[in-house]
Amino acid sequence: MSAEVPVRLTVNGNEIAVEVPTSEMLFDTARDRLGLTGANLGCDHASCGACTMIVDGDPRASCSTFTWAAEGAEVTTIEGLGGDSPVQRAFADRSAFQCGYCTPGLIMTTTAMLAEIPEPDETTIREWISSNICRCTGYAMIIEAAQAAAEESCA
Amino acid sequence: MNGSSDVATAGFVSRSHKAIAPFALERAESVAAAAASVANGAVPHAGGIDVVERMQGGAAVERVVDVSGLADLRQIVVVGDVLRIGAAVTHARIESDATIAGHCPALAAAWATVGNVRIRRTGTIGGNLMAFDKDYDAAPILAAVGATLVFAAPDGEFRRSVADRVPGALLVAVEIATGAEVRFDRSLKPAVTVAVGAAAGRTTVAVGCAHPGVQVVDAEQLDDLPEPIDDADASSAYRRRMISVLAERLIETST
Amino acid sequence: MTRVDAAAKVTGTAGYTVDVDLPGMLHAKVLRSPHAHALVRSIDVEAAAAAPGVRAVLTRDDLIAPLVASASYGYFIKDQPILALDRVRYIGDPVVAIAATTEREAVAALELVRVEYEPLDAPSTIDEALADGAPELFPEAPLGIVPAYGQGASGALRPAPNVCYRFAYETGSASAFDECDHVFTDTFDFDGRQQHVHLEPFVAVAQWTPDDRLEVWSSCQNAFPVRKELGRVLGLSEARIRLRVPFIGGGFGAKNGCKTEPIAALLARKAGAPVRYCLTNDENFLTQRQHNARITVTTGVMDDGTLIARRAQVLLDAGAYADASPLVAEKAGYRIAGPYKWKHIDSVCDAVLTATTPSGPFRGFGGTQASFACESQLDMIARRLGIDPVQLRMRNLLDLHEPYVPGESGMDSDLRAGLDLVAEAIGWSHDRPAGRGRGLAIGFKDSGGVNKPAQARVKVSTSGDVFLHCGTVEIGQGITTALREVVARILGVPIARVHWPQTDTDHSPFDQGTNASSGVSVMGQAVERAALAARSKVLEFAAGALERPVHELDLDDGFVVAGDERHPLAPMVMRTYGGTGFEFTGEGFFKAEEDHRAPLETQCVSWEYGWGAAEVEVDEETGLVTVHRLVVSGDAGVALHHDVCRGQDEGAALMGYGGAMFETMRYDGARLANGEMVSYRPARAVDVPAEFVSILQEQGHGPGPFGSKGMGEGAMLPVGPAIANAIEDAIGVRVTRTPFTPENVLAAIDERDRRAAEAAR
C-alpha cells in the first residue's frame, strides 16, 4: 500500500514539495512540517472554522482537508497575511476577538470574502462568518470589523 | 455524526483526525477507472466533507479514489429537456451556475441554504447524497423534483431514484427535468425538512430528517408516510404534524 | 486603545496549551464507558500494553500508592475517580488511559482493551434519580465538607439518596405568607444542559523533571487550586508541582478544577516521558456541562404588586459527579429571590446526581437558572394582577446600596436606571407591531466569588518599566488589558510598558482562580493596591533623592515630575543603587472580611446585573419563535476598556440566547444524542437577532479600581426570561420550559388551546 504521496503546493507564496502520508491533513502539514501554527484545531468536524485556510481563494477547513487534495493549490494561512492586513488591523483595532482561538480562522474567512466581494452588505457578512464559530464575542463586533476592513480595502 | 469508534463492549474512544490510518490513494483518470475502483471497494473522494467525517469517526477505509479531477463529474449541461449536474459539482456552483439559473432557477434557490459558505464551496451534490445522512438536504430537494441519479459501474451506467439509491457504486450525475419547480423549508431542522416539487403536472413532497431515509409521496398522500422517528431531536407526533404544516404551506406558495 | 493581546491574536502567534510541544512528547487517549451505570468486573490491558508505540497504560490498578495517594478528586466532595474504580457512572466515564508515540497508536491500542461490565439501572433524569428505590450512583458517601455558612444559610452533604448536596437559606418569618393577598406557585423546567463550547478543548501537557518535579501546562482557569488538588491526589507536596497557563482558548467556567491534568501527570510518570493529553471537542461534551434544573417558586404578593414572601425549591441536575455542584447549588439557592425587597425568603436547592455528563461551573453559575424562574414568574404575577411588568419591578427593586438580605452587602447599581434604559430601547411604552410581543427581565447574581483572597505584585524597574505579577489568566475576557491599564494609570506609564508574565505557580502570587467575574472587582483591588504601594516606594525614594516632599512628586513615563522639573528615574536610581539598577516592589492584597452575619462566609464583593429586553414573533402553527430585537445592558461601574466590556456583554447575551432558544445537550435516556459541535449547533452569526443592541452602563458604584466592577456574566441572565415574557406578550402563552424550541413552544400553545376549549365547554 502506497501510504505516502508526494504533494506540491504553494503556501504563502512559497512552493513546497513534501512527501506525506495519504491520511495527513493540511492542518498538520502546515503545523508540523512548515511551522505554521496559527490555525487552531477546534471541533475537528469541519464545522467550527478555527482551522480555516484559504485554498485557491476558498476558505477551507484544514482539519478535514487531506494535504494531497491541495495538490497544486495556492494555500494561504494566517501567517501569509503579513500581520498588518486590513482585516487583521480591523480585528485588532475594534477588539473583534476575545480568547483569540477562533480569530485566525475568522480572519481567513473574512479575507476570502473580501477578495471575492469587496463591498459586502451585512447579510453577506453574516452568512460568510457563519462558517465560523466564535463563542466569546456574540459576533456583532466581528461584523463591524469586517465592514471596517471592507471600507478600508475599498478606500 | 459519530466521532468515536466502538470497541466491542469495552467502551469507545473519541478519535481525532490524527487517528485516521494511511490508505491507498488512487487518482482516477476516467469515470470508468473510478467506477472500477469503487466496485473494488475504494471510497470516492471529491470535496471530502463527508468521507473525511466518516474516516475520522473510525470507518475502515483502505482505498480512496480521488474523483475530483474528472471533468465529467464537474459538468453542468442541458441535454434536451434534462438538466444534468455532475456529482462533483459543489453546492456553491449549484447556487450560482448560469445554466442552472437558466433552466432550473428553483433548484438554485432551494440550494442556497445548504451547509455554510465554506462547506458550500467544498462539499458536492454527490457527496451530500451519498452520505446517506437523514439530516442532509440534497436528498429531499432532489427527491421532490423526481431527480434521476446516474451511477457508473464496471458493466455500464445504471439509474436510480433518490429514494432507491444504493451505496457502493460511483455516482456520476444527477438528472432533473428542466423547468422543475421546487421549494424547500429547513426552518425546523433537526426535527424535519420538507421539499415540495412540481414536475410533469405532479406535486411531490419529500421529507428529510424525520425518518431514517428520505421519504417521497404525492402531495395528496401525506397520510401514507410512515411513522416518523421519535428521538431526542423531536417527538414523532411533532414531526408528523410539522410535515403537514410545512408541506401545505409550500404547496400553497407553489401553486 | 488596542487590547494588549491584539497583535498576538490577529497574527496567530498567541500560544495556547494545545501549542505546547516538548521533545519526545507522547500522546494520550482514553477508553470511555459504553454504559451509563455499571460495575466494572474486569479490565484486561495485556494486548494493549504490547501494542506498537504504547509507552504507558493506566487503569484503576495504578491508582494506589506509591503512584497515587487518593484516587478521586473534586471540589467540596471528592467523588470523581481519575479512572473508573468499581463502577462507571455515565456514558463516557474514562476507564483506561494510554500514552503512545502517536495518537493513532494510542487509539489502536485502546481498541485492544477488554472490559467486563455488569450493567446497572441508570437514573438519567432528576425524577428517576429521586424516585423511591432509585439505583444509587454512590451507595457509600464520598469524602466531603460543608463550608462555614453564616446567617440563615446551611448546607448538608448527601441529605437524600442521589442528592450530593443541599443548600438552604431562610430569612424572615414564614408567617409573612399569611398577610399576602395572593400566593402563586409556578414550576419551571430549565432544560439547559448547555455546553460551554470553549473551542480550545480540555488539554494538559505534563512532564517530570530530572529533579523529580511535576511540570504541567494546562488550559485551566484556576492553577493554584489545581496544583493543590493534584498534590493531594498524587501525594506530592506543592513545591514539587509547577503549573503554567498559556493563553486559554475559552473556558466559560468549564476549565476550573482537575480535568486532564491527573491522567497526563500519571501517564508521564509511568512512561518517563512528557505526555500531551488533549481531548477532542466531542469529549468536551462528555466532560462538563451546565446544570439543567427544575425550579418551583411560590410567591406571596399584595394586590398592589408588593412582593412579600418567596419560597423556592431548586433541583439541579448535577450529572454523574459532584464537581462544582455544591457551589452552584449554593448560588442558585441564594439568588432565587432576585434583586427585590422581601420580608421572607425560604429556599432549598438540591444537587441531584444523574448518570449523565457531570455538570459544573458555567457562566452565570446558578444565576441563569434562578433568573429564568424568578423573572418569568414576576411577569406571570404582573399579568395575573393586571399590573404592568415594568411597574411591578420598579415597585419592588432593591435600592442602590440596600443590602440584598440581612447581613449582606448592598446593591452596587441603580437597578431602576438600568430597567428604564432597556424599557426605552425596546419601546416598552409604544405600540407593538402586529403579531409581535415584548418582554423584559433583570438578571441577577452576586459577583466576585466568596471569601476569595487576591494578591498581586507590581515591580518598577530602573528605567520605569513595570512588571505586574498576579495569577489571573487571560481567557479572552480582556483582563490583561484591564489590569495593565489600572497599573499604567497609577504609575503614569503607557500600557505598553507594563509587562504581565503568564501564570506560573512557581512565580505568580497565589490566586484562587479566574472565575466569578472577580478579575476586576477582587483581583483588581489587589493590583490597585500593589501599584499604589510600588508608586509610594518610588516616590519616597525620589523624595529623598530630590529632597522634596512626596506629595509634590508624580510619575510620568520613566520621569519623576516635580512641578516644572522632569527628572529621569534611571540615573537617580543608579546614583543610589549602583549601575546595576534596582526594582521597587509593591505588594497588594485584598479579601472581603469573614463575616458570619453574612450568609455566605463573607459579604459579596459585588453584584452583577443584566438588564434585557426582547421583541418576538411566534409562528403559532409550528411554534417557531423569531426574536427580532434583543437588547441587553450591563453595568461596568467604570469601563476600564470600553470594547472589552461591550464584548463581554454581547458574548454573554448570545450565549444566553443560544441557551434560551436551541442549545442543549439532548439525551435519549442516558445516551447523549448530539455530543459534537455539528448537531449540538452553538449559536452562529446567522442566529444573531436582526437587531442586537447592547448598552454599556457606567454607573460608577463598583468596588474595583476607579469604580469599576466585574462583568461578563450578567448579560447572559435576562435573555431567556425576557424572551419568555415577550412570547406571552405576543400570543398569551407562557413557556416554562427551556429551550424555546418550536416543539416546546407548540406544546405550550396546545396547552393554552386545550384550556380554552375546556373553559368553553
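Note: hydrogens, waters and symmetry copies are ignored here, and every other heavy atom, side chains too, is used. Each chain gets a letter, A, B and so on, in the order its sequence line appears, and its residues count up from 1.
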Subject >> Set of side-chain hydrogen bond (donor to acceptor under 3.5 Å, both in side chains) partners for Y277(C), sequence neighbours left out >> reply: none
Under 4.5 Å from a heavy atom of chain A, the part of [X] involved:
| X | value |
| --- | --- |
| L199(C) | both |
| A7(C) | neither |
| Y680(C) | side chain |
| Y657(C) | neither |
| N284(C) | neither |
| R681(C) | neither |
| H641(C) | side chain |

Original post:
If you count heavy-atom pairs under 4.5 Å with chain C, which of T103(A), I142(A), T137(A) comes out on top?
Top reply: T137(A)
What residue in [options] has the most heavy-atom pairs under 4.5 Å with chain A?
| options | value |
| --- | --- |
| D643(C), I248(C), V10(C) | V10(C) |
| G250(C), G647(C), A652(C), G478(C) | G647(C) |
| M1(C), R363(C), H196(C) | H196(C) |

**OP:** Using a heavy-atom cutoff of under 4.5 Å, enumerate the residues of residues 80-101 of chain A that contact chain C, numbered in order, or state 'none'.
**Re:** G83(A), Q88(A), F91(A), A92(A), D93(A), R94(A), S95(A), F97(A), Q98(A), C99(A), G100(A), Y101(A)
Original post:
So which residues of residues 28-40 of chain A are in contact with chain C at a heavy-atom cut-off of under 4.5 Å?
Top reply: R31(A), T37(A), G38(A), N40(A)
Original post:
Which residue, Q290(C), Q195(C), Q194(C), forms the side chain to side chain donor-acceptor pair (under 3.5 Å) with E663(C)?
Top reply: Q194(C)
Original post:
Which residues in residues 13-23 of chain C have a heavy atom less than 4.5 Å from any heavy atom of chain A?
Top reply: Y16(C), V18(C), D19(C)
